[in-house]
Amino acid sequence: MLDPKLLRSDLPGVAAQLARRGFVLDIAGIAAIEEKRKAAQIEADRLRAERNANAKAVGAARAKGADSAALLVHGEALGARLKAVDVELEKLQAMMSDIQLGLPNILHASVPDGRDESANVELRRWGDPRQFAFPPLDHVALGERRGMDFEAAGRMSGARFVVMTGALARLHRALVHFMLDLHTGEHGYREAYVPYLVRAEALIGTGQLPKFEQDLFSVRGDPGFFLIATAEVPVTNLVRDQILNPESLPLKFAAHTPCFRSEAGAAGKDTRGMIRQHQFEKVELVHIVQPERSGDALEELTSHAEAVLKALELPYRVVALCAGDVSFSSAKTYDLEVWLPSQSRYREISSCSNCEAFQSRRMQARWRNPATGKPELVHTLNGSGVAVGRALVAILENFQEADGGVTIPQALRPYMGGLAKI
RNA sequence: GGAGAGGUGGCCGAGUGGUCGAAGGCGCGCCCCUGCUAAGGGCGUAUGGGUCAAAAGCCCAUCGAGGGUUCGAAUCCCUCCCUCUCCGCCA
């Protein structure tokens, strides 16, 4: 959520900022609602003040044993008028709230202009895509003979699910353990185990709701839950409604969770293989930091995700997302894209975002700033470190050999019982 | 699943219809006293919104959340959420 004060004081400025995303802000409409809201607010406050004064007068009169009948009648009339104004005020507040929850974050000044991913800016590359002496297979062909089974998954769950058995299942688990050990052991993260089912408030906190409900799975029952689409939701919500000590910052969490996405808007996209699934696993990194530190924290977090790909010897590139491609809650995002030989291109394997105060405002996640003594909003960041399924795909494809075998990267071998090849 | 007890400010904890935004304590900040490792005293110390050019001031809201009763609700009623205790069940 954007700062409501900013919305009141500089609507055209906000509109200009959001226009970078291609978001059209209805300035006149919002101003009109705000004007009415303000008038109703003032009137309601005034009536409430009068009611409070009247109620006190009743108390005073009673204490003296004086007659309070006239005051009671007056109070009743005030109450009726107040109720009417309150109804109007609540309606206007709800309208403003709906508008505010639908506004994306304001972009950081360093975000490049552009409408879609074609305008993203490549910042750096690491590793050289391997030259194959044979036509490289894709991960589906490589996986089939090792226990990657889309048909079995389809029989029980339908499209966009996978079953893995044997060495692949182990490789998948090895990746999770390797990543968590790297982040907790080398990068200073605290491992977190979190719920996979969350309430709507948690999703409003991180920005998935109310706007993107169609991307989520929900479960029946009372209370109704949503399945998390990313660990960002439960991990970032760890600090909701908290006032943190400055000494406790930065908080750095690493969590391995499954992620569930309806992929409602992705019909026909990436239908082959494991690239886009309803259920996948991810190791997620979350930073909770003092506002002035969030710029540096984004670079740090991104480097931690990069460290995973370096250790796995997977060629990748880092791109700065352009204005039109940065997600709703983020002010600035770097994507890590890993090389996939079967597609001869880089594919997203991690997305690292600085959400600044957008999520913390929705969650009321604050820290006590020693400079002011006041609780102030923290900045939140999140990034994949990295997507497990896609990392498995990248390993199969990049490390395949002419004889059909797949070499296990050195870093993973301790997690594979010393196995060098599958 | 059954029975019961609770949720109050940064923390602990009083408070069952009116002068309670809320005693007291802890913590924190400033000041005073004292001076050798300890202590004593004073004052201050929630968040959001409105009015204002701004500050002060004033007004409104907030005692888990949302409704209700009432002239008036931390206090009474209802629903929900959460915590704890005992019993049952269970990976």
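Below, each value reflects all heavy atoms present in this structure, side chains not excepted, and no hydrogens, waters or symmetry copies. In what follows, chains are A, B, ... by sequence order, proteins preceding strands, each numbered from 1.
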Check every strand shown and say whether [X] touches a base, only sugar-phosphate, or nothing at a heavy-atom separation below 4.0 Å.
| X | answer |
| --- | --- |
| A:P4 | nothing |
| A:N52 | sugar-phosphate |
| A:R361 | nothing |
| A:I42 | sugar-phosphate |

Next item on the list: Would you mind telling me which residue lines up with the more 5' stretch of RNA chain B, A:Q364 or A:G75, judged by nearest nucleotide?
Entry: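 The answer here is A:Q364.
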Check: Considering heavy-atom distances to RNA chain B, does A:K38 or A:D45 have its closest nucleotide positioned more toward the 5' end?
Finding: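 Whichever sits nearer the 5' end wins; that is A:K38.
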Next item on the list: For residues A:T407 and A:R413, report the shortest heavy-atom separation together with the two atoms involved.
Entry: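 For A:T407 and A:R413, the tightest heavy-atom pair comes out as CG2-NH2, 3.4 Å.
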Check: To the nearest Å, how far apart are A:E50 CD and B:C58 C1'?
Finding: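 Atom CD in A:E50 sits about 16 Å away from atom C1' in B:C58.
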Next item on the list: May I have the distance from A:Q93 (atom CD) to B:C60 (atom P), rounded to whole angstrom?
Entry: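 Roughly 17 Å, once rounded to whole Å.
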The side chain of [X] lies closest to which of these nucleotides: [options]?
| X | options | answer |
| --- | --- | --- |
| A:A55 | B:G18, B:U51, B:A61 | B:G18 |
| A:I243 | B:U47, B:C71, B:G10 | B:G10 |
| A:V58 | B:U19, B:C71, B:U47 | B:C71 |
| A:R62 | B:U47, B:A61, B:C71 | B:C71 |
| A:E76 | B:U19, B:C82, B:C71 | B:C71 |
| A:R48 | B:G49, B:A61, B:G10 | B:A61 |
| A:K83 | B:U47, B:G49, B:U69 | B:U69 |

Check: Are more than 12 heavy atoms from other residues, nucleotides or ligands located less than 6.0 Å from atom NZ of A:K310?
Finding: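 It does: A:K310 NZ has more than 12 such atoms within range.
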Would you please confirm or rule out a distance under 4.0 Å between OP1 or OP2 of [N] and any side-chain N or O of [X]?
| X | N | answer |
| --- | --- | --- |
| A:R199 | B:C82 | yes |
| A:K374 | B:A46 | no |
| A:K56 | B:C71 | no |
| A:R8 | B:G50 | yes |

When the [atom1] atoms of [M] and [N] are compared, how many Å lie between them, rounded to an integer?
| N | M | atom1 | answer |
| --- | --- | --- | --- |
| B:G6 | B:G10 | P | 24 Å |
| B:G42 | B:G25 | P | 10 Å |
| B:U16 | B:C63 | C1' | 14 Å |
| B:G24 | B:U79 | C1' | 35 Å |
| B:U75 | B:G18 | P | 12 Å |
| B:A73 | B:C81 | P | 26 Å |
| B:G2 | B:G15 | P | 32 Å |
| B:A53 | B:C43 | P | 37 Å |

Item checked: A:K332 side chain to A:S110 side chain, donor-acceptor N/O pair below 3.5 angstrom ->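 Indeed, the side chains of A:K332 and A:S110 share at least one donor-acceptor pair under 3.5 Å.
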Next item on the list: Assign the ring pair A:H183 / A:Y189 to parallel, tilted or perpendicular, where the plane angle (0 to 90°) is split at 30° and 60°.
Entry: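 A:H183 and A:Y189: perpendicular rings.
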Checklist line | Side-chain donor/acceptor of A:R51 to base of B:G72, under 3.5 Å | finding: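 Answer no: no donor N or O sits under 3.5 Å from an acceptor.
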Margin query: Ring centroids only, cut at 6.0 angstrom: are A:F358 and A:F328 within range, meaning strictly under it?
Written below: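 Centroid distance A:F358-A:F328: below 6.0 Å, so yes.
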Note to self: Between A:F217 and A:H278, is the ring centroid distance below 6.0 Å?
What the structure shows: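 That pair passes the under 6.0 Å test.
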Next item on the list: Walk me through it: do A:L244 and A:I288 pass the test side-chain contact (heavy atoms from CB on, under 4.5 Å)?
Entry: CA-CA 10 Å; A:L244 303 159; A:I288 309 294; 3.9 Å; yes
Margin query: Apply side-chain contact (heavy atoms from CB on, under 4.5 Å) to residues A:E117 and A:N120 and explain how you reach the verdict.
Written below: CA-CA 5 Å; A:E117 62 181 321; A:N120 291 347; 3.6 Å; yes
Checklist line | Where RNA chain B forms stems, i.e. three or more consecutive Watson-Crick or G-U pairs with both distances under 3.5 Å | finding: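 Consecutive-pair runs (3 or more) involving RNA chain B: B:1-7 with B:81-87, B:10-12 with B:24-26, B:27-32 with B:40-45, B:46-51 with B:57-62, B:64-68 with B:76-80.
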Notebook entry, point to check: Donor-acceptor pair, A:S330 side chain versus A:V326 backbone, under 3.5 Å?
Noted result: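 Side chain of A:S330 to backbone of A:V326: no pair is present.
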